[in-house]
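We count ligands from 1, going down the list as the structure has it; atoms in each ligand are counted the same way. The chain is numbered in sequence order, starting from 1.
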Amino acid sequence: MAAYADVIVDIRSGRTDRVFQYAVPESMKDRIRVGSPVLVPFGSGGRMVRGIVTGFKDTPDVDARRIKSIDHIEEGQPSVDEQLVRLADWISRSCGGSMAQALRTVMPVKKNVKARQEVHYLIKDKEKAQAYLEQIRGDRRMKGRVRLLDAMLHREDLSISSRTASSVLRIAPGTLKALEQQGLISRSSRRIMRNPDMPFLQGWNRVELNEEQAAAVHDILACGQECDRQWTTEKAVHLIHGITGSGKTEVYMALIEKVLQQGRQVIVLIPEISLTLQTVSRFYDRFGDSIAVMNSRLSAGERYDQYLRAQTGEARIMIGPRSALFTPFSNLGMIIIDEEHEPSYKSETTPRYLAGDAAIVRAKLAGALVVMGSATPSLTSYSRALAGQYTLHELHRRAKAGSALPQVEIVDLREELRAGSRSMFSRKLHEQLEGCLKRGEQAMLFINRRGYAGFVSCRSCGYVVKCSHCDVSMTDHKKGLLKCHYCGSTRPMPRICPQCGSPYIASFGIGTLKVEEQLHREFPQARVLRMDRDTTAQKGSGDRILQEFAGGQADILIGTQMIVKGHDFENVTLVGVIAADLSLFSGDYLSSERTFQLLTQAAGRAGRSSRPGRVVIQTYQPDNYCITAAAAQDYRAFYDKEIKFRKAMHYPPACHMLMITAQSSSQARAREAAEHAAVLAHKIEHASVLGPTGAAIIKVKDMYRYVLYVRHERRRVLAAFMKFMEQDAAGQSRAFYSFDIDPFSVL
Ligand code: ADP
Ligand code: ZN
Ligand code: ZN
């Protein structure tokens, strides 16, 4: 064991970069490890303070005589800080990056948050308010008052923040003032530490779990009891594979209830894109203020407030995206990962950890359970479940009475063209849309693209407009403007081809805006909403669009992947996929898996109540297994085909793959650094090396990028090689390396 230890003192200060070196006395060498809580002398007076060991070194950083010794190791249950430091150690060792980066990942920096005051309104007399509400209900001029009083009376504390009143309920200031003057509500301001913009109660009905759901809950909890005696992954990690609408969320909530009863806390990970008001209010309805919510729209101060609420025990459930995994709960009982296949669970910056794997490490440290759920589990998770590393639970039926899986039809777009149909809506889809509108039902049109259209090219000579910094095709953004989606630069749409002068230069592909325009032409009477990154750029606008659609204020919702995730619209009976092929050829071993997931989730939006649902998938590849399996909502059929492909081609999960990217502003240096890495990688026994080669997009923000892939059956071997390369000075002097094990996309 090494002679010197790095110790962070005062870990909650958020200054995780302030580490001090201490000597490890001989007597402690076999007991001490990363995460050990220690007492160390600190400062000139030698005052004893608590610290946590974050790493070891053989040699001292400064004159060895000036280094003090660790006083002793504290015994007892590992604290949450120790757990998080050990988790950081695991992240750094197996996903890359320094310990300092990993510590910053698991511990948010403390911000000097000014106590925020918020104005609140409180109902003064419940009976009086109720009587008044009944009196004005139905009066069209009093709609705002009815909405406000309804919401306030539903809340336990009979209060509402002025922010929620205006941004969620859309109450005008005059309405509040009038009710205040009438003496029905009163105004006060208080320090807030609660959730900003928390949804109000909506009265979701409590359901009784069906047999499949109840069995899953029962089995998972039984495994939990066994884990209290001895923690093992096959007992602690559960994968719920349930078709869309099979009631996975209800299973999660039943589990949460039980874990809270045991006095323990729960982390619920939900992809950012699904963290909508609708999802959160379902949990809020059931668990009220014991919930803390995180999302990327919170300010650093608001985020820190949420951490404090978890730390002090005020909150017992944390709902949030990937980073919520590091919530400092001291007695964590369960980590739930909804839509576990979502690519957003993988960090896109160093350290590139996968939330599911990190969750298992944290759960082991805390003696907790992990429950992952999806209608389309990742190949990796499902293969682990089949191999017995996780426990698998299957939900085969839609949970809601009378609801069944939709009827799916595949339309061959090649035949459409042959038949002379030029519209982006096939005859079938047009006919279905017509019927749907006539019946007063709603439809969703899904397109896996953003902006107005695809790339711009010349039909005479083939010239494609590219970004001069990034070497990617620019896309037709809006009103004659082309945009690069990597660096964001724009330029005007050329009228004639810059290369040959031909006037036949135009945009290809389909975007949400174009679909909207075509809809207006073919169905001028239809009320249309569009949801994509452009219409949701503003805070809260996504929630608003979804609420309007749920409230029946539009007939058709057009959108990108944003609309396919987890929303439950009762009146939607038709889902149209405009061009299923768009994501099928992204040049990535995961493209089939991603396409299957998107199509299955999109199709799963139709017919979620008693009226039958229909789905039309338009494609140029009607026989592709990923499209036929999605149409049949047959996960297993897809899995069996796809896993054969991965095995044959040595792609994950059949094998592990380390992607090494070398970047430099000099193209030659980037290439040399990648070649240097390849020479070293070839020395690893049983490894196969692909590349190096210029990245799919070789130049981004004026940096050249070369990549190589190293494949090996053992992840541990690749992780060790990655750590070695991180230290390799010869390569580093030429270029900057970054690493990703089992990457989700090619750069
Ligand atoms: P998933 O998360 O699997 O897509 P949800 O939990 O959102 O499914 O459930 C889909 C719908 O079915 C919701 O409207 C939910 O209220 C309803 N539901 C779930 N479980 C039951 C049940 N046991 N009985 C009746 N309705 C249920
Ligand atoms: Zn041309
Ligand atoms: Zn660019």
**OP:** Could you pull out the closest heavy-atom pair between Gly604 and Gln633, with the gap in Å?
**Re:** N-NE2, 4.0 Å
Original post:
Hey, which atoms in ligand 1 end up nearer than 4.0 Å to a heavy atom of Asn210?
Top reply: 23 (N)
Original post:
Would the number of heavy atoms belonging to other residues, nucleotides or ligands and lying under 6.0 Å from CZ of Arg397 be above 12?
Top reply: no
Subject >> Counterpart residues, ring pair (Phe, Tyr, Trp, His ring centres under 6.0 Å), relative to Tyr635 (two or more places apart) >> reply: His241, Tyr382
Original post:
Once rounded to 10°, what is the value of the angle centred on the Zn ion (ligand 2) between Cys497 SG and Cys500 SG?
Top reply: 110°
**OP:** Pull out every atom of ligand 1 sitting under 4.0 Å from any heavy atom of Glu208, numbered as shown with elements.
**Re:** 22 (C), 23 (N), 24 (N)
Original post:
What atoms of ligand 1 come closer than 4.0 angstrom to any heavy atom of Lys400?
Top reply: 12 (O), 14 (O), 26 (N)
Original post:
Any nitrogen or oxygen of Val207, main chain or side chain, under 3.5 Å from a nitrogen or oxygen of ligand 1?
Top reply: no
Original post:
Is a salt bridge present between Lys400 and Glu570, judged by a nitrogen-to-oxygen distance below 4.0 Å?
Top reply: yes
Subject >> Contact with ligand 1 for Gly242, non-hydrogen, under 4.0 angstrom >> reply: no
Original post:
Which of the atoms in ligand 1, numbered in the order shown and given with their element, are less than 4.0 Å from a heavy-atom of Leu209?
Top reply: 23 (N)
Original post:
Does a side-chain N-to-carboxylate-O contact under 4.0 Å join Asp357 and Arg384?
Top reply: yes
Original post:
Any idea which part of Arg282 is under 4.0 Å from ligand 1, heavy-atom wise: side chain, backbone, both or neither?
Top reply: side chain
Original post:
At a 4.0 Å threshold, what atoms of ligand 1 neighbour a non-hydrogen atom of Glu250?
Top reply: 6 (O), 16 (O), 19 (C), 20 (N)
Original post:
Who gets closest to atom 18 (N) of ligand 1 by heavy atom: Ala399, Gly373, Ala214?
Top reply: Ala399
Original post:
Does Glu348 come within less than 4.0 Å of Arg322, counting only side-chain N to carboxylate O?
Top reply: yes
Original post:
Are there more than 12 heavy atoms of other residues, nucleotides or ligands under 6.0 Å from atom CD of Gln261?
Top reply: yes
**OP:** Assess Arg398 for proximity to ligand 1: is some non-hydrogen atom of it under 4.0 Å away?
**Re:** no
Subject >> Partner residues of Glu272 under the side-chain contact (heavy atoms from CB on, under 4.5 Å) criterion, sequence neighbours left out >> reply: Asn295, Ser296, Pro321
